[in-house]
Amino acid sequence: MKRGKDNINFDSERQEMVETQIVQKGINEKNVIEVMLKVPRHLFVPEKFLSEAYNDYPLPTGEGQTISQPYMVALMTELLQLTIKDRTLEIGTGSGYQTAILSELSGEVYTIERNKNLSEKAEKLLSSLGYKNIKYKIGDGTTGWKEFGPYSRILITAGSNEVPKPLLDQLSNLGKMVIPIGNRLNQILTVIEKINDNLTKREICGCMFVPLIGEYGWKT
Ligand code: SAM
């Protein structure tokens, strides 16, 4: 019988990933640890990378894009400090793995992906897993999704040389944004907080994301 994604649960691999890549590297928010233990990452990676699904690195999702390293997903989630009251905007749905994590911890999730195939695949998988508080859009996330804003949390999962202005405008008062800022190859994971229209910026660590391509990002 073919050992497909659906007939292996990978519980022990997920447990080990959380112990060695998440907790030992300093993630300590209980809700982030619980959700990293819960979401079946192997369902979000292409079949040919199944045996590597819980390894400590990003993997291709197809379409020239990547599913981020587990630690980076956990770190960005911890930095957002999500609660069930949050309305969260995600730019870069990709495989939908980070979307699932956001969905578990936020009240509502709005996710935008510029690649139609990735968006449709992620929506199909997340719906089949029972995630109901997510709205999907195919298009340029650098212009945000004004119709449902403002958002108390915004996560950009692709690298930009600056913060797209429409996303700052759509961040609510006391809101938090996490975004990799830098050049096309290397960025600094940055947290932006808005308090009465004043913005504060906190640099967390170096990172490497695929480029954010769009009107307020890289042009190609
Ligand atoms: N969070 C994803 C996951 O868990 O699989 C990984 C996201 S991947 C690192 C970055 C994604 O951003 C890619 O799928 C890419 O197509 C998408 N992207 C790049 N520029 C974008 C834009 N302007 N709007 C929406 N999506 C964009």
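Index from 1, following the sequence. Start at 1 and go down the list; that is how both ligands and their atoms are numbered.
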Applying a heavy-atom cut-off of 4.0 Å, say which part of Val73 lies close to ligand 1: side chain, backbone, both or neither. neither
Considering only heavy atoms, does Glu113 approach ligand 1 within less than 4.0 Å through its side chain, its backbone, both, or neither? both
Sorted by chain and number, sequence neighbours left out, side chain to side chain donor-acceptor pair (under 3.5 Å) with Glu78 holds for none
Sequence neighbours excluded, every pair satisfying side-chain hydrogen bond (donor to acceptor under 3.5 Å, both in side chains) that has a member inside residues 10-25: Asp11-Arg14, Arg14-Tyr54, Gln15-Glu19, Lys25-Asp56
Heavy-atom nearest neighbour in the protein, as seen from atom 12 (O) of ligand 1, with distance rounded to 0.1 Å: Gly92 CA, 3.3 Å
If you take all heavy atoms of Leu105 and Leu82, which pair is closest and at what distance? O-CB, 3.8 Å
Any non-hydrogen atom of Thr99 lying under 4.0 Å from ligand 1? no
Report the member of Thr66, Asn115, Thr61 with the shortest heavy-atom distance to atom 6 (C) of ligand 1. Thr66
Closest approach of any protein heavy atom to atom 9 (C) of ligand 1, naming residue and atom: Thr157 O, 3.2 Å
Under 4.0 Å between heavy atoms, the region of Val210 that gets near ligand 1 turns out to be side chain
Is it true that Lys124 and Glu120 have a side-chain N and a carboxylate O under 4.0 angstrom from each other? no
Crowding at NZ, Lys219 (>12 non-hydrogen neighbours, <6.0 Å): yes
Nearest heavy-atom neighbours spanning Lys176 and Leu79: CD-O, 3.6 Å
Evaluate side-chain hydrogen bond (donor to acceptor under 3.5 Å, both in side chains) for Thr88 paired with Asp86, printing each intermediate quantity in order. CA-CA 6 Å; Thr88 302; Asp86 283 312; 5.4 Å; no
Among non-hydrogen protein atoms, atom 5 (O) of ligand 1 lies closest to Ser95 OG, 2.6 Å
Does the residue Gly139 have a heavy-atom contact with ligand 1, meaning some pair of atoms that are separated by less than 4.0 Å? yes
Would Pro211 count as a contact of ligand 1 if the rule is a heavy atom under 4.0 Å away? yes
Indicate if Met36 and Leu155 have the same hydrophobic cluster label, given that clusters are the connected sets of ILVMFWY residues with side-chain heavy-atom separations under 4.5 angstrom. yes
To check your reading of the model: name the closest protein heavy atom to atom 25 (C) of ligand 1, its residue, and the distance in Å. Arg114 N, 3.3 Å
